[in-house]
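Encoded as structure tokens, the structure appears first; notes follow it.
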Amino acid sequence: MSLKKASLLIFVVLLIDQISKIYIKTHFILGEDVTVFNWFRIYFIENEGMAWGTKISDFTSSITDRTAKTSLTVFRIFAIFGIGYWLYATIKNKGHYLLTIAIALIFAGALGNILDSVFYGLIFNDSHGQIASFMPIEGGYDSLLHGKVVDMLYFPIWKGYLPEWLPIWGGKFFTFFEPVFNVADVAISTGFVMLLLFNKKGFPKD
């Protein structure tokens, strides 16, 4: 795959991701949801940390949530440069097209979520009890590097109580699939799955 085609893929993923996030942010109140199907809902939440809402500060009390958020965003920015170089090197060395697609998807997804973390605090006001405005006159809900990632895709395919005989979770109420995510997350997950499934083609030993 050429650099031009990889760039086009990244652009399309970023465009869909950001359009969907901006639409949700400017049309939904935080916590609002719309049922599309019984197994699929548009559910607006905001993620302040890593995957599944985890924060660095959850693992140590020596760092504040705000410092942890800044550190995470800066780390993501450095990481995206590393992924970008990996993509460029793969294309330059004529790597397998599946590897190029996988890296491009991971790059696009990571960049999509970085845009939220870096800029959304500046360009939107908060969504608590109100629909947020884009570029509000009174300013955004936070400063640079402290934006929250917008999530909205929710697939509660099955809900119910698990059998009592199951260890640990037996008898507990369970939802599959519980996490709420966005288009960028889908791109990252798809890229990683492709790396796992096609690793022999993507990383030939010869």
- Given Phe44 and Phe28, is the ring pair (Phe, Tyr, Trp, His ring centres under 6.0 Å) satisfied, shown in steps? CA-CA 7 Å; Phe44 174 31; Phe28 282 64; 7.0 Å; no
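- Here the closest heavy-atom approach between residue Leu98 and residue Met194 is recorded as O-CE, 3.6 Å.
- Leu99 places a side-chain heavy atom less than 4.5 Å from the side chain of Trp86.
- Leu8 meets the side-chain contact (heavy atoms from CB on, under 4.5 Å) test with Val12; sequence neighbours excluded.
- Formation of a donor-acceptor pair under 3.5 Å by the His146 side chain with backbone atoms of Asp142 is not found in this model.
- Listed here is the closest heavy atom pair of Glu164 and Gly171: OE2-CA, 3.7 Å.
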- Message: Does Arg41 form a side chain to side chain contact (heavy atoms under 4.5 Å, CB included) with Phe155? I'd like the steps, not just the answer.
- Response: CA-CA 6 Å; Arg41 289 160 56 187; Phe155 291 84; over 6 Å; no
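- In the hydrophobic clustering of this structure, Phe75 does not group with Ile114; members are Ile, Leu, Val, Met, Phe, Trp, Tyr whose side-chain heavy atoms approach within less than 4.5 Å, directly or through other members.
- A single hydrophobic cluster is not seen to contain both Ile131 and Ile24; linkage of ILVMFWY side chains at heavy-atom distances under 4.5 Å, directly or through other members, places them apart.
- Across Ser127 and Ile29, no two heavy atoms sit closer than the pair O-CG2, 3.6 Å.
- Distance OG1/Thr26 to OH/Tyr23: 8.0 Å, rounded to 0.5 Å.
- If you chain together hydrophobic residues whose side chains sit under 4.5 Å apart, Val34 and Phe177 fall into the same group.
- The two atoms that bring Lys148 and Tyr141 nearest to each other are N-OH, 2.7 Å, heavy atoms only.
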Show me the side-chain donor-acceptor pairs of residues 77-85 shorter than 3.5 Å, one per line, residues at least two apart or across chains.
none

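- To the nearest 0.5 Å, the span separating CE on Met135 from CG on Leu122 amounts to 8.5 Å.
- Cation-pi geometry between Lys21 and Phe124 is not met at under 6.0 angstrom from the ring centre and within 45 degrees of the axis.
- Taking every heavy atom of both residues into account, Ile157 and Trp39 meet most closely at CA-CB, 4.0 Å.
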- Evaluate the criterion side chain to side chain contact (heavy atoms under 4.5 Å, CB included) for residue pair Phe174 and Trp158; output intermediate values, then yes/no. CA-CA 8 Å; Phe174 180 77; Trp158 182 85; 3.9 Å; yes
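- Looking only at side-chain heavy atoms (C-beta outward), Asp33 and Tyr154 stay at 4.5 Å or farther from each other.
- Note that NZ of Lys25 is 9.5 Å distant from CG of Asp116, once rounded to the nearest 0.5 Å.
- When side chains are defined from C-beta on, Val13 does not count as touching Leu111, because their heavy atoms never get closer than 4.5 Å.
- Screening Asn182, Thr73, Asp151, Asp17 for a side chain to side chain donor-acceptor pair (under 3.5 Å) involving Asn113 leaves a single residue, Asn182.
- Note on Ile101: it clusters hydrophobically with Val193, by side-chain heavy-atom contacts below 4.5 Å among ILVMFWY residues.
- Residues passing the side-chain contact (heavy atoms from CB on, under 4.5 Å) test with Pro136, sequence neighbours excluded: Asn125, Ser133, Glu138.
- Within a 6.0 Å radius of CG in Asn93, more than 12 heavy atoms belonging to other residues, nucleotides or ligands are found.
- Note that NZ of Lys69 is 10.5 Å distant from OG of Ser143, once rounded to the nearest 0.5 Å.
- In this structure, Phe40 places its CZ atom where more than 12 heavy-atom neighbours from other residues, nucleotides or ligands lie under 6.0 Å away.
- There is no path of hydrophobic side-chain contacts, each under 4.5 Å, that joins Phe134 to Ile137.
- Atom CG of Leu87 sits about 5.0 Å away from atom CD1 of Ile10, to the nearest 0.5 Å.
- Taking both residues in full, the closest heavy atoms of Ala6 and Ala104 are given as O-CB, 4.3 Å, listed atom of the first, atom of the second, then distance.
- Taken from CD1 in Ile16 to OG in Ser20, the straight-line distance is 8.5 Å, to the nearest 0.5 Å.
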- Item | side chain to side chain contact (heavy atoms under 4.5 Å, CB included) evaluation trace for Ile22 with Tyr120 | CA-CA 9 Å; Ile22 292 171; Tyr120 274 30; 3.8 Å; yes
- Is there a side chain to side chain contact (heavy atoms under 4.5 Å, CB included) between Leu105 and Leu9 once you walk through the steps? CA-CA 8 Å; Leu105 288 173; Leu9 175 60; 4.3 Å; yes
